[in-house]
S.K.: 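Let me begin by handing over the structure; questions about it come next.
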Amino acid sequence: MVMRKDSRVDYIVLGGGIAGIRAAIELARGGRVLVLTKDDLYESSTEYAQGGIAAALGEDDEVTLHLHDTLRAGDGLCREEAVRILVEEGPRQIHQLVEWGMRFDLNGMKLAFTREGAHSRSRVLHAHGDSTGSEILRALMAKAKSLPSIELLPHAFAMELLVEDHRVCGVTYLDEKGSTPKCTRASAVLLATGGLGHVYKETTNPSVACGDGVAMAYRAGALLSDMEFVQFHPTALFVKGAPRFLLSEALRGEGGYLRNLLLERFMPRYHEAAELAPRDVVSRAVTLEMQKTRGEFVYLDLTGLDAEHVKKRFPRIYTTCLNYNIDITADLVPIRPAAHYAMGGVATDLDAATSLTHLFAAGEVATTGVHGANRLASNSLLEGLVFGARAAAAMLEKHTPREFPSPQENPHLAAPHAGTTSTPPAPLPVTDFEKAVEEARALLWDKVGIIRNGKHLCEAVKRLEEIQLPEPDPPSRRAYETCNILAVARLIARSALAREESRGAHYRSDFPLKNEAKPARHSYVSNNFPVFFE
Ligand code: FAD
Ligand code: SIN
């Protein structure tokens with residue numbers, strides 16, 4: 001592969017969402033920071049986050065209550081130390097955001113909190129009603145842009161991590177201009193590439209969420225953990241041919257009901273918390289009701305709420321639905337679940353260090369252990385802030401800019417050949433790349449989705465292994481994304497097949513019970529080991 005001459009910075013951050021930008025601001029104290037984002041600067045899940053950010057800041061709230069709610073939602077698989085860090089450091093990070101110009105919604109002079117599923121208190125802060133993520137990113141970007149040592153580089157698609165002598169020393173990427181990869185070196189690299197929703201046919205995620213960071217880290221030899229745990233959000237707007245726009249859980253927090261096609265309110269039959277049960281419970285209930293009524297959707301009913309309040313509290317959702325001729329204050333809204341959030345990812349310690357030296361990971365790409373088997377609503381923005389800042393602090397402490405590795409002739413670049421044979425097949429035309437990705441996404445949705453079983457999982461694993469892709473040569477963003485989606489799809493399917501129990505978001509109808517052995521075990525996988533549990 002032809003490569004342009006290397007350049008150097010002190011730190012590289014892959015990703016411009018909440019985790020990446022929070023980290024970059026901290027890293028700017030230590031030297032030159034390069035932030036790559038594969039699309040426009042603001043195109044990220046963070047930008048679309050609606051419901052809010054959870055923190056124990058209310059008068060009736062306590063850090064220990066937030067801790068317990070998070071542990072309960074994680075269904076026995078959270079790392080308590082990591083959760084403790086999240087809930088204890090979270091409030092300070094929120095105050096810091098406010099100092100940098102973040103404007104949360106207020107009730108008079110006090111912060112306004114809303115309630116979401118599985119929270120025992122109203123502790124979710126929000127902004128512009130339902131545009132919390134966009135306001136957070138505005139404030140973080142403004143701060144980052146004011147720091148001259150940060151360079152923000154949009155339309156720069158990271159392809160591979162550069163590994164020399166078992167340490168990560170840089171990245172290769174494609175910039176806006178074309179097909180000749182660039183190579184930049186640094187003392188340490190932070191993966192903050194976000195989620196993997198586009199591994200599934202139905203997802204709430206923006207199109208940048210292809211699991212690139214997980215796939216890149218896997219190829220470089222990093223340990224991944226808990227890949228089988230994918231959270232499905234119960235309420236994505238269902239309009240044929242349209243993207244699955246999220247309808248925030250906060251709509252149910254404010255009193256919205258779910259009804260099946262017979263207009264029965266069904267959630268009280270499934271859980272004592274009804275519409276505010278944990279997300280996995282609600283998503284399964286919606287799926288079962290759809291099967292029972294042979295429908296493609298159920299309804300979200302907001303007609304019992306004050307119409308003016310709904311319009312004011314959820315302006316983005318109200319306007320977006322109106323564009324589809326749905327008035328959420330008067331009409332029943334067709335919804336169904338969609339892949340939303342990855343609890344699994346690149347395994348890290350409490351300082352965001354991965355198993356590869358000089359490589360760190362924070363935000364949705366990472367598995368710190370705070371979410372366990374199921375993330376509590378509105379905890380991921382908080383995780384991005386807390387662990388983005390911690391990652392940067394550890395990078396500054398452990399890897400000062402002085403320790404540049406000297407370049408080698410042949411740095412190890414693990415090419416994303418997603419096939420299983422040693423002879424790469426002939427290059428596929430673009431349409432075949434697209435066909436392969438569509439097939440993988442449909443397989444994941446149909447056979448590795450909300451309700452799983454061994455037979456379907458075996459079929460998915462087998463078929464995903466059969467799909468062959470050539471090396472992406474000449475390199476292009478789409479070719480790499482396709483390889484990444486396929487690689488991540490395989491990892492999720494294999495991990496889901498290996499976990500023979502039901503826990504949190506991983507539900508197997510052939511193993512409907514939780515394995516009660518204590519402590520609960522995490523799954524791990526790397527390109528050197530098949531899935532194992534520990
Ligand atoms: P992101 O914000 O997704 O940013 C990823 C960045 O990585 C982007 O800049 C992208 O361009 C870049 N990137 C990816 N791959 C590459 C590559 N190969 N090369 C270069 N750059 C790359 N969570 C909450 O806590 N509260 C909510 O209310 C909430 N609402 C949500 C609503 C929606 C619709 C969605 C999709 C998610 C929501 N979540 C919410 C989840 C939360 O938004 C995400 O988990 C969180 O924002 C992830 O932040 P991040 O920094 O890890 O990644
Ligand atoms: C939502 O607003 O329902 C999304 C919240 C989250 O994913 O945490």
Side-chain angles (χ1 to χ4, degrees), residues 12-23 35-55 114 116-119 124-127 130-134 136-137 140 152-161 171-175 190-198 203-216 231 233-236 243-253 279 282 314 316-317 338-343 345 361-366 371 375-385 387-388 477 480-481 484:
I12 295 171
V13 174
L14 300 182
I18 190 167
I21 299 302
R22 180 63 190 86
V35 180
L36 305 185
T37 75
K38 77 179 192 186
D39 211 292
D40 291 341
L41 221 43
Y42 291 82
E43 190 61 11
S44 59
S45 291
T46 302
E47 175 65 17
Y48 297 99
Q50 295 180 356
I53 183 163
T114 193
E116 288 184 355
H119 284 275
V124 178
L125 293 161
H126 43 88
D130 53 4
S131 293
T132 313
S134 156
I136 291 179
L137 208 51
L140 285 175
L152 299 165
L153 193 60
H155 299 284
F157 179 82
M159 298 152 55
E160 299 296 351
L161 296 166
V171 293
T172 57
Y173 66 95
L174 288 171
D175 68 11
L190 175 69
L191 277 178
T193 46
L196 49 74
H198 278 266
T203 180
T204 62
N205 289 191
S207 63
V208 291
C210 301
D212 295 338
V214 170
M216 245 185 287
Q231 183 172 78
H233 198 292
T235 55
R244 296 285 169 262
F245 175 69
L246 184 79
L247 297 174
S248 175
E249 189 153 321
L251 290 160
R252 282 172 281 132
R279 262 179 208 174
V282 185
F314 302 102
R316 194 177 191 174
I317 294 173
H340 182 61
Y341 183 85
M343 273 73 74
E364 193 169 336
V365 69
H371 306 305
R375 174 178 65 94
L376 186 65
S378 289
N379 262 356
S380 50
L381 290 174
L382 192 68
E383 186 196 22
L385 271 187
F387 285 88
R477 167 175 162 180
Y480 264 84
E481 284 178 339
N484 292 343

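If you're wondering where the values come from, they're calculated on a predicted model, not measured in any experiment. Both ligands and their constituent atoms are indexed starting at 1 by order of listing.
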S.K.: Which heavy atom in A377 sits nearest to a heavy atom in A54, and how many Å separate them?
M.R.: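 Shortest heavy-atom separation between A377 and A54 comes out as O-CB, 4.3 Å.
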S.K.: Could you tell me whether E43 approaches ligand 1 through its side chain, its backbone, both or neither, with non-hydrogen atoms closer than 4.0 Å?
M.R.: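 The part of E43 near ligand 1 is the backbone, not the side chain.
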S.K.: Pick, from N205, T37, L376, the option with the minimum heavy-atom distance to atom 36 (C) of ligand 1.
M.R.: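 Looking at heavy atoms only, N205 sits closest to atom 36 (C) of ligand 1.
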S.K.: List the closest protein heavy-atom neighbour of atom 40 (C) of ligand 1: residue, atom name, distance to the nearest 0.1 Å.
M.R.: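 Residue, atom and distance for the closest contact: S380 OG, 3.8 Å.
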S.K.: Nearest 0.5 Å please: distance from the OH atom of Y173 over to the NE2 atom of H155.
M.R.: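 Result: 14.0 Å between the selected atoms.
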S.K.: Classify the contact between Y341 and ligand 1 as side chain, backbone, both or neither, using a heavy-atom distance cut-off of under 4.0 Å.
M.R.: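 The side chain, only.
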S.K.: For ligand 1, is H340 a contact, meaning one of its heavy atoms is under 4.0 Å away?
M.R.: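 H340: in contact with ligand 1 (<4.0 Å).
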S.K.: Assess A192 for proximity to ligand 1: is some non-hydrogen atom of it under 4.0 Å away?
M.R.: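 Per 4.0 Å heavy-atom rule, A192 contacts ligand 1.
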S.K.: Main chain of L246, side chain of Q50: is a donor-acceptor contact present, judged purely on distance under 3.5 Å?
M.R.: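 Side chain of Q50 to backbone of L246: a pair is present.
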S.K.: If you round to the nearest 0.5 Å, how far is CG of L36 from CZ of F157?
M.R.: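 Interatomic distance, F157 CZ to L36 CG, rounded to 0.5 Å: 11.0 Å.
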S.K.: Please name all residues satisfying ring pair (Phe, Tyr, Trp, His ring centres under 6.0 Å) with H126, sequence neighbours left out, ordered by chain then number.
M.R.: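 Listed in chain order: nothing, the list is empty.
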S.K.: Using distance alone, decide if ligand 1 has a nitrogen or oxygen within less than 3.5 Å of any nitrogen or oxygen in T46.
M.R.: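 N/O-N/O distance under 3.5 Å: yes.
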S.K.: Has V365 got any heavy atom lying under 4.0 angstrom from an atom of ligand 1?
M.R.: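 Judged by the 4.0 Å heavy-atom criterion, V365 does not count as contacting ligand 1.
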S.K.: Does some non-hydrogen atom of G384 fall short of 4.0 Å from ligand 1?
M.R.: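 It does not, in that no heavy atom of G384 comes within the 4.0 Å cut-off of ligand 1.
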S.K.: Look at atom 11 (O) of ligand 1 and say which protein heavy atom is nearest, naming residue and atom and giving the distance to 0.1 Å.
M.R.: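 Atom 11 (O) of ligand 1 sits closest to the protein heavy atom K38 N, 3.2 Å.
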S.K.: Ignoring hydrogens, just give me the one of E249, E383, E364 whose non-hydrogen atom is nearest atom 44 (C) of ligand 1.
M.R.: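 The residue whose heavy atom sits nearest atom 44 (C) of ligand 1 is E364.
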S.K.: Write 'none' if nothing qualifies; otherwise put on separate lines each N/O atom of ligand 2 with a protein N/O atom under 3.5 Å away and their distance to 0.1 Å.
M.R.:
residue, atom, partner, partner atom, Å
ligand 2, 2 (O), G51, N, 2.9
ligand 2, 2 (O), S248, OG, 2.7
ligand 2, 3 (O), H233, NE2, 2.8
ligand 2, 3 (O), E249, N, 2.7
ligand 2, 7 (O), R279, NH1, 3.0
ligand 2, 7 (O), R279, NH2, 3.4
ligand 2, 7 (O), H340, NE2, 2.7
ligand 2, 7 (O), R375, NH2, 2.8
ligand 2, 8 (O), R375, NH1, 2.7
ligand 2, 8 (O), R375, NH2, 3.4
ligand 2, 8 (O), S378, N, 2.6

S.K.: Hey, is the main chain of L14 close enough, under 3.5 Å, to the side chain of T193 for a donor-acceptor pair?
M.R.: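 Answer holds: no.
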S.K.: Within the 4.0 Å heavy-atom shell around T204, which atoms of ligand 1 are there?
M.R.: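 Once the distances to T204 are compared, the set is 34 (C), 36 (C).
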S.K.: For residues R279 and Q231, report the shortest heavy-atom separation together with the two atoms involved.
M.R.: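 Scanning both residues, the minimum pair turns out to be NH1-OE1, 2.9 Å.
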S.K.: Is ligand 1 under 4.0 Å from a heavy atom in the side chain of L246, in the backbone, in both, or in neither?
M.R.: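 It is the side chain that gets close, since no backbone atom is under 4.0 Å.
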S.K.: Ignoring hydrogens, just give me the one of P154, A19, A158, G363 whose non-hydrogen atom is nearest atom 51 (O) of ligand 1.
M.R.: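 The residue whose heavy atom sits nearest atom 51 (O) of ligand 1 is A19.
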S.K.: For ligand 1, is G52 a contact, meaning one of its heavy atoms is under 4.0 Å away?
M.R.: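 Flag set, G52 near ligand 1.
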S.K.: Considering all heavy atoms of both residues, which atom of T204 and which atom of A236 are nearest to each other, and what is their separation?
M.R.: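 For T204 and A236, the tightest heavy-atom pair comes out as CG2-CB, 4.3 Å.
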S.K.: Please classify the E116 to ligand 1 contact at 4.0 Å (heavy-atom distances, strictly less than): side chain, backbone, both or neither.
M.R.: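 For E116, no heavy atom sits under 4.0 Å from ligand 1.
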S.K.: Do the side chains of R375 and E383 get close enough for a salt bridge, i.e. N-O under 4.0 angstrom?
M.R.: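 The answer is no: the pair does not qualify as a salt bridge.
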S.K.: Contact between ligand 1 and A156 is defined here as a heavy atom of the residue under 4.0 Å from a ligand atom; is it met?
M.R.: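 The answer is yes: ligand 1 sits under 4.0 Å from a heavy atom of A156.
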S.K.: Would you check if the side chain of S378 reaches a backbone N or O of G52 as a donor-acceptor pair within less than 3.5 Å?
M.R.: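 A pair under 3.5 Å: yes.
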S.K.: Using distance alone, decide if ligand 1 has a nitrogen or oxygen within less than 3.5 Å of any nitrogen or oxygen in I18.
M.R.: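 It does: an N or O of I18 is found under 3.5 Å from an N or O of ligand 1.
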S.K.: Taking only Lys NZ, Arg NE, NH1 and NH2, and the carboxylate oxygens of Asp or Glu, determine whether D39 and R477 approach each other closer than 4.0 Å.
M.R.: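 Between R477 and D39 there is a salt bridge, with a charged N closer than 4.0 Å to a carboxylate O.
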S.K.: Is it the side chain, the backbone, both or neither of Q50 that has a heavy atom closer than 4.0 Å to ligand 1?
M.R.: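 Under 4.0 Å from ligand 1, Q50 contributes backbone atoms alone.
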S.K.: Tell me whether H340 contacts the main-chain N or O of G197 through its side chain, where contact means a donor paired with an acceptor under 3.5 Å.
M.R.: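 Side chain of H340 to backbone of G197: no pair is present.
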S.K.: Between P234 and R252, which heavy-atom pair has the shortest distance, and what is it?
M.R.: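 Heavy atoms only, the tightest pair is CG-NH2, 3.7 Å.
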S.K.: Among A377, S45, S207, A49, which one has a heavy atom closest to atom 31 (C) of ligand 1?
M.R.: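 The nearest heavy atom belongs to A49.
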S.K.: Does S134 reach the main-chain N or O of E47 with its side chain, forming a donor-acceptor pair under 3.5 Å?
M.R.: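 The answer is no, because no donor-acceptor pair under 3.5 Å joins these two groups.
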S.K.: N/O to N/O below 3.5 Å, does that happen between G195 and ligand 1?
M.R.: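 Checking ligand 1 against G195, no N or O pair falls under 3.5 Å apart.
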S.K.: Check for me whether N379 has a heavy atom closer than 4.0 Å to any atom of ligand 1.
M.R.: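 So N379 counts as touching ligand 1.
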S.K.: Less than 3.5 Å between some nitrogen or oxygen of D212 and one of ligand 1, yes or no?
M.R.: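 N/O-N/O distance under 3.5 Å: yes.
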S.K.: Apply the side-chain contact (heavy atoms from CB on, under 4.5 Å) test between P206 and each candidate in P243, S45, S44; give the one that qualifies.
M.R.: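 Going through P243, S45, S44 one by one, the side-chain contact (heavy atoms from CB on, under 4.5 Å) with P206 is satisfied by S45 alone.
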S.K.: Taking N or O atoms only and a 3.5 Å limit, does L381 qualify as a polar contact for ligand 1?
M.R.: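 Yes - when backbone and side-chain N and O of L381 are compared with those of ligand 1, one distance drops under 3.5 Å.
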S.K.: Look at the side chain of T235 and the backbone N and O of L247, then say whether any donor-acceptor pair between them is shorter than 3.5 Å.
M.R.: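 Such a contact is found between T235 side chain and L247 backbone.
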S.K.: Can you tell me if D130 uses its side chain to pair, donor with acceptor, with the backbone of R316 under 3.5 Å?
M.R.: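 A pair under 3.5 Å: yes.
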S.K.: Just to check, does T132 reach to within less than 4.0 Å of ligand 1 when the distance is taken from its heavy atoms?
M.R.: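 Contact check T132 vs ligand 1: negative.
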S.K.: For the side chain of H198 and the backbone of T203, is there at least one donor-acceptor N/O pair under 3.5 Å apart?
M.R.: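 Here the side-chain-to-backbone pair does not exist.
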S.K.: May I ask you to decide if I18's main-chain N or O and T46's side chain share a donor-acceptor pair within less than 3.5 Å?
M.R.: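 Yes, because the side chain of T46 sits within donor-acceptor range (under 3.5 Å) of the backbone of I18.
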S.K.: Are H371 and ligand 1 in contact, using a heavy-atom cut-off of under 4.0 Å?
M.R.: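 It does not; every heavy atom stays at 4.0 Å or beyond.
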